[in-house]
Every structure is written in structure tokens, then in C-alpha cells.
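Notes follow once the structure below has been shown.
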2 protein chains.
Amino acid sequence: MIVDPSADDRLDRAFMALADPVRRRIIARLSRGPATVNELADPFEISKQAVSKHIQVLEHAGLVTRTRDAQRRPVHLDPAALEALTAWIDRYRLIHEQQFRSLDSLLAESTTAEASSEASDPAVGEAGRRTEEERS
Amino acid sequence: MIVDPSADDRLDRAFMALADPVRRRIIARLSRGPATVNELADPFEISKQAVSKHIQVLEHAGLVTRTRDAQRRPVHLDPAALEALTAWIDRYRLIHEQQFRSLDSLLAESTTAEASSEASDPAVGEAGRRTEEERS
DNA sequence: CTTGTAATCAACCAAATGGTTGATCAATGA
DNA sequence: TCATTGATCAACCATTTGGTTGATTACAAG
């Protein structure tokens, strides 16, 4: 019954939560404003209990929060968690682009002068880069 | 042998692919440049076959591509697919923010005389929003 | 107190997921 | 040719996931 509130684990649950198309539709609906479980369940063919479970997954992932209004439990979107996801994706996407950029400049330099600056060269990627250029 | 038709289905697979922490680590590694299956499998405790399966999932989701170099099959990151993911997330995140913005301006209008509101409690304002229902 | 409504809990089930091991394919190099 | 290396295929297994139905809790209104 470990509750493991690790930040990395949160990211894990968030990605996991968005993996399901039903939950993504719920997120999409919530972006227009809060809604109750019944309202959220309405567009789906599945049972209300199933939707309730989906909401629990989203809540546990930190993507939504819930308040109380009499018997109702309105669900609210928490955009901060979504931001963390885009941050993760963009991180590696941008590193990848950066990698290409430095390769380009490296090639440009080698034409102008001697390529003595092998230096650090963490670019295992560079070595691998060469192996590409294949048929498409 | 259906070959992944709809674009919506692609998004589905992409989110599903990123739900697994092993696959996200693979993506992180690939952001530094292409790598072979053996290279990718090295940091993990799991078998090479398991990593191979993960790569197939990523490939089927359009997140990576593979080329050929002798026996090796280098895996390359495809940043375009990652961009599609951030696009989806940002869409609803921004709609949500927009919603807040209009709520704020609405409140601001009602108190044109003075800008006393310190953003107050938007959650309460939202709760009243459940008037927008689509119970059919 | 009783009824009705919103939502969750509990037990259960089928299918998908992630992992394993052993065999096989494909390309290289002796 | 034959052994080696890189990677996949195939069968199998344990756990997780997403769904169901039926009972139960929590409020609000008669």
C-alpha cells in the first residue's frame, strides 16, 4: 500500500492516464469547464461506474481535481499537470533538434578548417547518424 | 495486417506508447541520437527481446523510424510525432485557460468601478457554470 | 423517516500488456 | 562453408486494465 508520491511517478501516471481515449475525451470535455460524473458519462456507452474509475485515474495522476456540491462531485481540469507533460515531451524533442543543429555546424566547420575539436563529443549520436541515410 | 489508417488512431498509439516508463527512457536516449537495439537494451535489466517489443510499439506509433546498417537496425527519433502530442495537450490546456480569461473579464466588467478583485476564487465561479449541461 | 439521486465500493471477468525463454532469420567475416 | 553477431519470431505466463453488475454510502427533499 505504498503511496509513493515521487514526482517522477506522477509524470508516469499522467502519461498513463492520457493513454486511454475515453480519458482524453474527458479531458477535452473538462477543458470547457467542470462537470459532474453523470455529465461526463453521458456521451459514452459505458457505465457510470466505469467513467467514475476513469476519473479516479485522472485524479490520481493529478490531471483533475474534485470539489463538492451537495451529492455532486464536480470535476475540474488542472492545467498545470498537462503543462508538465508538454514540458517532458518538448525537452527531448528540442534536444533532438539541437543535436541536428550541432551536427550541421560541425560539418560546416570541418570544411573551413581542420577538425581537431573532437574534444568532448558525447555524440554517439553522431556516429550513429552516419549509419543512417538509407533508402526511405 | 491493417496498416494504421486513421490519424486519430495514430495519436492514440502515440499516447499509449509514452505511457510506459521504459519507452520514455528509450525516447530520452534517442533524443541524443540514433541507437541500435543492443545499445538501447543495455541500460535496462530486461531482456533484449522485451526492448525489441518496446521499439516496435514506438515504431507503430510513429514515434521512431528504423533504418538498416548491416545486421544492425538503428532506431531514430521522429520529432514530428512528438509535436503532435504536445499539440493535442496544449489545445485543451489553452482552451481551459481561455475559459478562465473570459470568466475573469466577465467578473471585471461587473465591477468596472474598481479593480478590487484579486482573481478571487474562480473555482466558485466555475461551479455555477454547470448550467451548461447537455443532458439530452 | 422515507424516497430519490449522485457517486462509489466490491466482486468478478475478458482482454491486453509486459515480461520470459528458446528457436529462427539475416548479414558479416573467418 | 560455418560460426558469430544483431535482432526478431513464437509460445507461454503473470499482472494489469477496462469493463460489467449489484450493493452501499452520502445528501437533499418530501
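All chains are named by letter (A, B, ...) in the order of the sequence lines, taking the proteins before the strands, and each is independently numbered beginning at 1. Every heavy atom of this structure was used, including side-chain atoms; hydrogens, water molecules and symmetry mates were not.
When rounded to the nearest whole Å, the span between CG of Asp20(A) and P of dA16(C) equals 14 Å. Taking atom CD1 of Ile46(B) as the reference point, atom C1' of dA7(D) lies 15 Å away to the nearest angstrom. Atom P of nucleotide dT21(C) and atom CD of Glu45(B) are separated by 13 Å, given to the nearest angstrom. One atom, CD1 of Ile26(B), and another, P of dG18(C), lie 11 Å apart when rounded to the nearest Å. Atom CD of Gln49(A) and atom C1' of dA11(C) are 13 Å apart (whole Å). Atom pair Glu59(B):CD and dT8(D):P shows a separation of 9 Å (rounding to whole Å applied). As a whole-Å value, the separation of Arg23(A) CZ from dG19(D) C1' is 12 Å. Rounded to an integer number of Å, the gap from Met16(A) CE to dG18(D) C1' is 12 Å.
Atom NE2 of His60(A) sits about 9.0 Å away from atom CZ of Arg10(A), to the nearest 0.5 Å. Note that CG of Asp20(B) and NZ of Lys53(B) are 12.5 Å apart. Values are rounded to the nearest 0.5 Å. To the nearest 0.5 Å, the span separating CG on Leu82(A) from CZ on Arg91(B) amounts to 13.0 Å.
Comparing dA11(C), dA7(D), dA6(C) against the side chain of Arg72(A) picks out dA6(C) as the nearest. For Val37(B), taking side-chain heavy atoms from C-beta onward, the closest of the listed nucleotides dA7(C), dG18(C), dT8(D) is dT8(D). Side-chain proximity of Ser52(B) to dA7(C), dT8(D), dG18(C): nearest is dT8(D). Distances were taken from every side-chain heavy atom of Asn38(B) (C-beta onward) to each of dA26(D), dG6(D), dT20(D); the shortest belongs to dG6(D). With dC27(D), dG19(C), dA27(C) as the choices, the nucleotide that has an atom nearest any side-chain atom of Gln71(A) turns out to be dC27(D).
Applying the 3.5 Å distance criterion, the base of dG6(D) shares no donor-acceptor pair with the side chain of Glu39(B). In the interface, the side chain of Lys48(B) is not paired with the base of dG6(D) through any donor and acceptor atom under 3.5 Å apart.
Although no hydrogens or angles enter the test, the distance criterion places no donor-acceptor pair under 3.5 Å between the side chain of Arg23(B) and the main chain of Leu18(B).
Note on Ser47(B): a side-chain N or O is less than 4.0 Å away from OP1 or OP2 of dT20(C).
Summary of the strand contacts: Arg66(A) and Lys53(A) both lie near DNA chain C, and taking for each the nucleotide with the nearest heavy atom, the more 5' one is attributed to Arg66(A). Comparing Val22(A) and Arg68(A) by the nucleotide of DNA chain D that holds the closest heavy atom to each, the one mapping nearer the 5' end is Val22(A).
Linking ILVMFWY residues whenever their side-chain heavy atoms come closer than 4.5 Å, directly or via other members, places Phe44(A) and Val64(A) in the same cluster.
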